[in-house]
Protein chains: 2
Amino acid sequence: MQLTVIWNIVPRMTRETYKKPDYEKALRKAGIRITRPRRVILSILGETDDHPDALEIFRRAVAIDSSISLSTVYRTMKLLEGLGAIHRHAFEGGPSRFEQAVGEHHDHLIDMESGDVIEFHSEKIEQLQNEIARELGYEIVHHRLELYGRRIK
Amino acid sequence: MQLTVIWNIVPRMTRETYKKPDYEKALRKAGIRITRPRRVILSILGETDDHPDALEIFRRAVAIDSSISLSTVYRTMKLLEGLGAIHRHAFEGGPSRFEQAVGEHHDHLIDMESGDVIEFHSEKIEQLQNEIARELGYEIVHHRLELYGRRIK
DNA sequence: AATGCAATTGCAAATCGTTTGCAAGAAGGA
DNA sequence: TCCTTCTTGCAAACGATTTGCAATTGCATT
C-alpha cells in the first residue's frame with residue numbers, strides 16, 4: 001500500500017468547518033476505502049475535543065457499532081497518522097492519545113491531577129527552538145513540548 | 001518502603017566530581033541497601049555519557065556480573081528515579097532511556113538518523129514555559145522538550 | 001564473628017499497549 | 001453485477017515492563 005499525505009487536500013479545516021462528506025471524498029481520492037468502521041472512527045475524532053486513547057475511541061465506537069474491533073481502531077489510527085490527519089501523543093508512560101490534526105501546531109500542558117490536556121502555542125518558543133537547533137547544526141523536523149503542571153488555586 | 005529524595009544529599013555532583021563511595025554512603029543514609037547488583041548498575045550509570053535503555057544497562061551489567069537479572073535492572077531504575085538520582089526519558093515510542101541526574105536540567109535534541117541524543121539547555125525557553133503555564137493558571141512541576149531533527153550538511 | 005530479620009534478588013509468569021497472520025467479508029471500479 | 005484488492009475480526013504474538021514467590025543477602029544487632 002502506498003501512502004500519500006492527503007491532509008493538505010482538505011486544507012484550512014477547523015473544528016467548525018469540518019464536514020464529513022468532504023473529508024471522505026478526500027480520503028477516497030487518496031485511495032483509502034471508506035468502510036463502516038472508518039466512518040464511525042472518523043466521526044468520533046471529528047466530534048471530540050479531548051485526546052482519547054485507542055481504548056477510549058474503541059469504547060465510543062462500539063457504542064455506535066458493536067462489531068468494531070480494537071485492532072481496527074489501532075490500524076485506522078496508524079493509517080490516519082500516516083496521512084497526517086491525526087497526531088499521536090505519548091504522554092508520560094501512558095498509552096498513545098490521539099487528536100485530529102486540525103488548525104495549526106500546538107503544544108500541551110498536562111494537568112497532573114486530572115489528566116486534562118490543555119493546548120497552547122507560542123511562536124516565541126518555536127523560534128527559540130529553531131535557533132537552538134541551528135546552533136547545534138540541526139534542522140528540526142518536529143518537536144514535542146509538554147508541560148506537566150498543577151493548577152494554581 | 002518509604003522513599004525520600006536523597007539526591008540533594010549529594011549536591012553539586014558532576015561527572016567529574018562523581019565518587020562512588022560518597023554516593024553509596026548517601027544511599028545507605030537514605031535507607032537503601034547497597035547490594036552487588038546495585039553497585040554494578042550504579043557504576044555503569046556513573047561511567048556512561050549516553051542514554052541507555054534498561055536492556056542495554058542489563059547487557060553491560062551482565063558483562064560485569066553475569067548473575068544480574070533484567071528485573072533487577074528495572075527495579076533499580078525505578079528506585080533511583082524515585083530518589084531523583086536518574087531521569088527517565090521515553091523518546092518516540094521506544095523503550096525508556098535513562099541518564100544519571102547530574103548537574104542541571106537539560107532538554108534533548110534527537111538525531112533522527114543516528115538516534116544520538118544531544119543535550120541542551122535554554123534559560124529563555126524555560127522562562128517562556130513558566131510564563132505560559134502561569135497564564136493558563138498552572139505551575140509547572142516538570143516538562144519535556146524534545147527536538148527531532150536532521151543534521152544540516 | 002555469629003544472629004536475625006527485613007530488604008532484595010532471580011526466575012517465571014503476568015500485564016499492558018500494540019501489532020500481526022489469517023481466513024472471511026466488503027468496497028468500488030469495470 | 002463481477003472481480004480484484006483492501007479491510008475486517010479474531011486470536012495469537014509482541015516488546016517493554018511489572019509482579020508473586022521462595023531463596024538469598026545486607027547490615028544492624030549482639
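Below, chains carry the letters A, B, ... as their sequence lines are ordered, and counting in each starts from 1.
- We find that CG of A/D65 is positioned 17 Å from P of D/dT7, with the value rounded to whole Å.
- Between B/I41 atom CD1 and C/dT8 atom C1' there is a gap of 12 Å when expressed in whole angstrom units.
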(message) Using a 4.0 Å heavy-atom cut-off to protein, can you give one letter per nucleotide of nucleotides 19-30 of chain C, 5' to 3': B if the base is in contact, S if only the sugar-phosphate is, - if neither?
(response) BBB----BBS--

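- Whole-Å rounding puts the B/M77 CE to C/dT9 P distance at 13 Å.
- Atom CZ of B/R28 sits about 5.5 Å away from atom CD1 of B/I34, to the nearest 0.5 Å.
- Here CD1 of B/I44 is found 13.0 Å from CZ of B/F98. Values are rounded to the nearest 0.5 Å.
- Checked against the 6.0 Å centroid threshold, A/F91 and A/H108 count as a close aromatic pair.
- With values rounded to the nearest 0.5 angstrom, A/L27 atom CG is found 8.0 Å from A/L79 atom CG.
- The list of ring pair (Phe, Tyr, Trp, His ring centres under 6.0 Å) pairs with a residue in residues 122-153 of chain A, not counting sequence neighbours, reads A/H105-A/H143, A/H142-B/Y148, A/Y148-B/H142.
- In plain terms, the two heavy atoms of A/Q100 and A/G46 that are nearest each other are NE2-CA, 3.6 Å.
- The distance between atom CD of A/E56 and atom P of C/dG17, rounded to the nearest whole Å, is 13 Å.
- Remark: P of D/dT24 and CD1 of B/I68 are 18 Å apart, rounded to the nearest angstrom.
- Atom CD1 in B/I57 sits roughly 14 Å away from atom C1' in D/dA16 (whole-Å rounding).
- Counting any heavy atom pair closer than 4.0 Å across all strands shown, A/L55 reaches no nucleic acid atom.
- Taking side-chain N and O atoms only, A/S96 has a distance below 4.0 Å to OP1 or OP2 of C/dT18.
- Separating the CG atom of A/D53 from the C1' atom of C/dG17 is a distance of 9 Å, rounded to the nearest angstrom.
- For B/L79 and D/dT18, the CG to P distance is 13 Å, given to the nearest whole Å.
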